[in-house]
Amino acid sequence: MATVAAETWEQVPLAPPDSIFKLTAAYKADTFPQKINLGVGAYRDDDSKPWVLPVVRKASEILLHDPDLDHEYLPITGLPDFTSAAAKLILGGQSAALAEGRVVSVQTISGTGANHLGALFLSRYYRFNGEKKVYLSDPTWVNHFAIFRNVGVNPVTYPYYDPKTIGLDYAGFTKALEDAPERSVFLLHSCAHNPTGVDPTQEQWKAICEIVIRKKHYAFFDTAYQGFASGDLDRDGWAVRYFASKGVPMLVCQSFAKNAGLYGERVGALHLISPTKEAKDRVGSQMSVLQRSEISNPPSYGARVVSLILNRPELFEEWKGDIKTMSGRIIEMRKELHRLLTEELKTPGNWDHIVKQIGMFSFTGINEGQSKALVEKAHVYLTPNGRISMAGLNTKNVRYFAEALDKAVRGSL
Ligand code: LMR
């Protein structure tokens, strides 16, 4: 019998389901044999199956047979061997900030946790110029909005994507950097922009960095695809390392979900660069306090796996090969989709962006009605903004998808 007063939760409105994960649920429930899931950004092999990286299997075996392993708490800021190797991975072996001991590194609940902890720290301690605000690219990963709002930082957008060229709105982006009040916080996707797959060139990054420095802005980097984008860890880490080498005030959110295929283990880190070692100690002490109240200590398993991979040279080499397997397959799918659309099907429009974009996602440029038709009529699951996860395509389903996309574009689906 119900004893709770009827009005107890009356004021709680019903929320819509998550725009990305609801697609996974709908895909699973669909019995159509040729269904395709291009929604969530999760790698699949050529048989549409999740892929456990061989190097991850190896590292797991090592852990399984380690007689000294226990289940004690990790330190509040995480597994030290993991956080220090993760910092070196993204900031590079030549990092002055690392050599000078100016980087606070905290293990987080994957990239989302890093974004949250970074946002929380800024909300508490950053000297905002007026209102607590963060500039997000338009568009961005949809969760960024909720993450900042949750900690009282108001998200506003800066121009990023130009629908006319299906490329970067460089003029709009740089104008927003110029026009924003000094010391504004800009969230930057360091490589393989989610959802567009459109990145600035290195020359453009240099010019962006110059404005960021001149305007004393704060760079909040989100890095979820290092190595996964180009197959080269150094190339994908270039923007972060360049900004750090120029002394930009910044932090980096890092995830190992995609590049190590460890989605469920939630392995990530937050790296905050301070101007001095003394400032780093103060920042680190407060990070610890925040982390303690939020999660006490991060989970150990995934961090141990990644720590082995990053710290054992033979495993590290093997990982680089696994990363090339994943990024290579995605690049092949981009080429094949492009070939089918342009050469075979002669689909109206220009499709060169499919091969120019980088990483897990492609912004196809199709509109909401066409995306909806693909979901409802062709059983191809994608977000309404026309983003597709390239990892969902393979040699067996790319033709079905290209034909469905062709029909959607022609309005004949
Ligand atoms: C995505 O954008 O699909 C992924 O990053 C998964 C997620 O958490 O949204």
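Atoms within each ligand, like the ligands themselves, are counted from 1 in listed order. Here the structure is a predicted model, which means the values were calculated and not measured.
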Problem - Residues Ser362 and Gln357: side-chain donor-acceptor under 3.5 angstrom - result: yes
**Request:** Validate the cation-pi geometry between Lys35 and Tyr381: distance from NZ or CZ to the six-membered ring centre under 6.0 Å, angle to the ring axis within 45°.
**Result:** no
> Hey, is NZ on Lys206 packed in by over 12 heavy atoms from elsewhere, all under 6.0 Å?
Replying inline: yes
Expected output: side-chain Asp236 to main-chain Ala229 donor-acceptor under 3.5 Å: yes
Less than 6.0 angstrom from the centroid, inside 45 degrees of the normal: does Arg387 satisfy that with respect to the ring of Phe363? no
Checking side-chain contact (heavy atoms from CB on, under 4.5 Å) for the pair Ser60/Tyr301: CA distance, chi angles, key distance, verdict?
CA-CA 9 Å; Ser60 304; Tyr301 179 72; 3.0 Å; yes
Could you list each nitrogen or oxygen of ligand 1 that sits under 3.5 Å from a protein nitrogen or oxygen, with the atom names and the distance?
from, atom 1, to, atom 2, distance (Å)
ligand 1, 2 (O), Trp141, NE1, 3.4
ligand 1, 2 (O), Asn194, ND2, 3.0
ligand 1, 2 (O), Arg387, NH1, 3.0
ligand 1, 3 (O), Gly41, N, 2.8
ligand 1, 3 (O), Arg387, NH2, 2.9
ligand 1, 5 (O), Lys258, NZ, 3.1
ligand 1, 9 (O), Trp141, NE1, 2.9

